[in-house]
Amino acid sequence: MSEIKLKKDVRSRNQQQADTNRRLFRKSGLLALNILGSPGSGKTSLIEQTARRLSSKLRILVVEGDVETERDADRIRALGIDAIQFQTHGSCHLDAMMVAQSLQEVKLDKVELLIIENVGNLICPAGFDLGEDLRIVVGSTAEGADKPIKYPEMYLHADACVLNKIDLLPYVDFNIEEFEAGARQTNEKLRLFRISCTTGSGIDPWCEYLQNSYTKQHNNMR
Ligand code: MG
Ligand code: ZN
């Protein structure tokens, strides 16, 4: 089998499972997030902050995708939030089958907000639909402001972009306008958020966006 044919097969198998996942999520009335971004951008910290703010309003389940270790799921569990760790043992992205496998034992109708943290990687996670409702790409001021134009695929199919670590702006050489212009250039519909998981700045509008999205989704389903 040629490499291109093989790639196509992998993608179409993934798409079938993603569609199945999405149907299941819809039936349960939950809102599913796929959180992407490079290692160290603050994906887990964003989930911690989000869970802290929203856990009194929405029943949250977190699926943590990592190559190895249970560390990120442990961080979430420390907050009293349910978390499942999926270890890919080498794969550099999550696929829809891995998500289905992680959720096998879960009663989804008890979940209102499902947060899936993808493997930290700016390339191939973009090519794998997991069945999510919202795709969120996380960037940070500790990275280059040219990330969106260097990795456009990540931004192209995202619904929102969260720029983390804005508390570091006085200390780093990061042009926030350049970053946001690059993100918009790739995807003009992208919702942009500026946040700091350290100070909590900007977390409120972000959580409001999620709550509104959940309400919309839930009402649609009825
Ligand atoms: Mg993480
Ligand atoms: Zn990969």
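Just follow the structure's listing: the first ligand is 1, and inside any ligand the first atom is 1. If you're wondering where the values come from, they're calculated on a predicted model, not measured in any experiment. Index from 1, following the sequence.
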Exercise for the section: Report the name of the N/O/S atom of His93 located nearest to the Zn ion (ligand 2). Expected result: ND1
Exercise for the section: Go through the side-chain N and O atoms of Ser91 and Thr88 and say whether any donor and acceptor fall under 3.5 Å apart. Expected result: no
Handout entry: the Mg ion (ligand 1) - closest N/O/S atom in Asp72
Key = OD2
Problem - Residue Asp66, metal the Mg ion (ligand 1), N/O/S under 2.8 Å - result: no
Problem - Of the N, O or S atoms in Glu117, the one nearest the Mg ion (ligand 1) - result: OE2
Handout entry: Hydrophobic cluster membership, Leu108 vs Val62, 4.5 Å side-chain cutoff
Key = no
Problem - Whether Tyr209 and Phe193 hold their rings parallel, tilted or perpendicular, with breakpoints at 30° and 60° - result: tilted
Handout entry: Angle, SG of Cys124 through the Zn ion (ligand 2) to SG of Cys92 - 10° precision
Key = 110°
Handout entry: N/O/S from Glu64 sitting under 2.8 Å away from the Mg ion (ligand 1)
Key = no
Handout entry: Matching residue for Asp66 among Gln85, Arg71, Gln87 - test: side-chain hydrogen bond (donor to acceptor under 3.5 Å, both in side chains)
Key = Gln85
Exercise for the section: Answer with yes or no whether the side chains of Ser196 and Asp167 bring together a donor and an acceptor at under 3.5 Å. Expected result: yes
